Amino acid sequence: MIRIAAEVRKASAVVALETTLIAHGFPAGEGVEVGLAAERAVRESGSVPATVGVLDGEIVVGLTEDELARFDASARKVGPRDLAAAAVQRAIGATTVGGTLSVCKAAGISTMATGGLGGVHRGWPTPPDVSADLQTLAESPVLVVSAGVKSLLDVPATAELLETLGVPVLGYRTNTVPLFYSAQGGPPVSARVESAQEASRIAAAHWELGGGGLLLVRPPDESLDDVEPLIERALAAADAEGVRGQAVTPFVLSFLHRESGGHTLRANRELVIGNARLAGEVAAA
Ligand code: PSU
Ligand code: MN
């Protein structure tokens, strides 16, 4: 059921990449391009990329460029619980961080990169929405590089839950969890690291102690510090229009991309690529 590309199978340093952000996080056509740029960044840092998705009845680890091009907004969003159904039903399944982590665990991959992790939604418990990314990260021995959590979430609540679940949050040259677009103002990390080598040594030690996943947070190179009011407007608009559940993230992202005149789009693209590069360095180390 799982098909691992030959290059990935042979490689000693592999970085898994998710497909939800490719299919649902960018305007039509741009996601695939961002995915390919992230793959190049992983290669430039000395590792082999393995983009994960469900296609033609298989869970594929290491999609080809042609296969990746089939992941558009019509793809099913596939979290950990959805993998089996998507494979059996031959859906095109774009894996979330949690879905990708489940595949990493099965395939023995220990590094992945994304833009933002899922987490606790603002206003919890209405709706009682906590991403499966968190529990799956706790249970999978994988280091995930991200720019913090998705911009529309409750970041302090998510940081608390990561502590409860025993997930180390390592700050890459930062003392605080980045707020996706913005480098400033987040809750404290559990430890600061100065290099990819240091992060990889901590991950190895954590796994030797029987630990599960780790989060390595990397601040965006160019911090956008005026997005919060826009996020609040986007969430209010989603609520007013009755947008719920899985539809909220794509709605909010496209609202931000439009209202910021493309600033958030460019920032999102850059942080995904930067995170992939750092993950490549960690895997190589
Ligand atoms: N961050 C974004 N856009 C996204 C995601 C994160 O800016 O589309 C995706 C990731 O794939 C993450 C998923 O794993 O959203 C979490 O979704 P949920 O909250 O439904 O678990
Ligand atoms: Mn959710």
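Here the structure is a predicted model, which is why all the values come from computation and not from measurement. All ligand and atom numbering here is 1-based and tracks the order in the structure.
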For residues 201-212, dump all side-chain donor-acceptor pairs below 3.5 Å to protein atoms at least two apart in sequence or in another chain.
residue : atom : partner : partner atom : Å
Trp207  : NE1  : Gly212  : O            : 2.8

Give every donor-acceptor pair under 3.5 Å between a side-chain atom in residues 229-254 and any protein atom, sequence neighbours left out.
residue : atom : partner : partner atom : Å
Arg233  : NH2  : Glu259  : OE1          : 2.9
Thr249  : OG1  : Lys150  : NZ           : 2.7
Ser254  : OG   : Pro250  : O            : 3.2
Ser254  : OG   : Phe251  : O            : 3.2

Atom pairs and distances, side-chain donor-acceptor, residues 273-282, under 3.5 Å, sequence neighbours left out:
residue : atom : partner : partner atom : Å
Asn275  : OD1  : Arg218  : NH1          : 3.2
Asn275  : ND2  : Thr114  : O            : 2.8
Asn275  : ND2  : Leu271  : O            : 3.2
Arg277  : NH2  : Glu44   : OE1          : 3.1

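Between the side chain of Ser182 and the backbone N or O of Leu179 there is no donor-acceptor pair closer than 3.5 Å.
Between the Mn ion (ligand 2) and the N, O or S atoms of Asp129, the shortest distance is to OD1.
Within 6.0 Å of CD in Glu65 there are 12 or fewer heavy atoms belonging to other residues, nucleotides or ligands.
For ligand 1, residues of the protein lying within 4.0 angstrom by heavy-atom distance are Glu18, Thr20, Lys77, Thr96, Val97, Gly116, His121, Ser131, Asp133, Lys150, Phe180, Thr249, Leu253.
Between Arg269 and Glu33 a salt bridge is recorded (basic side-chain N to carboxylate O distance below 4.0 Å).
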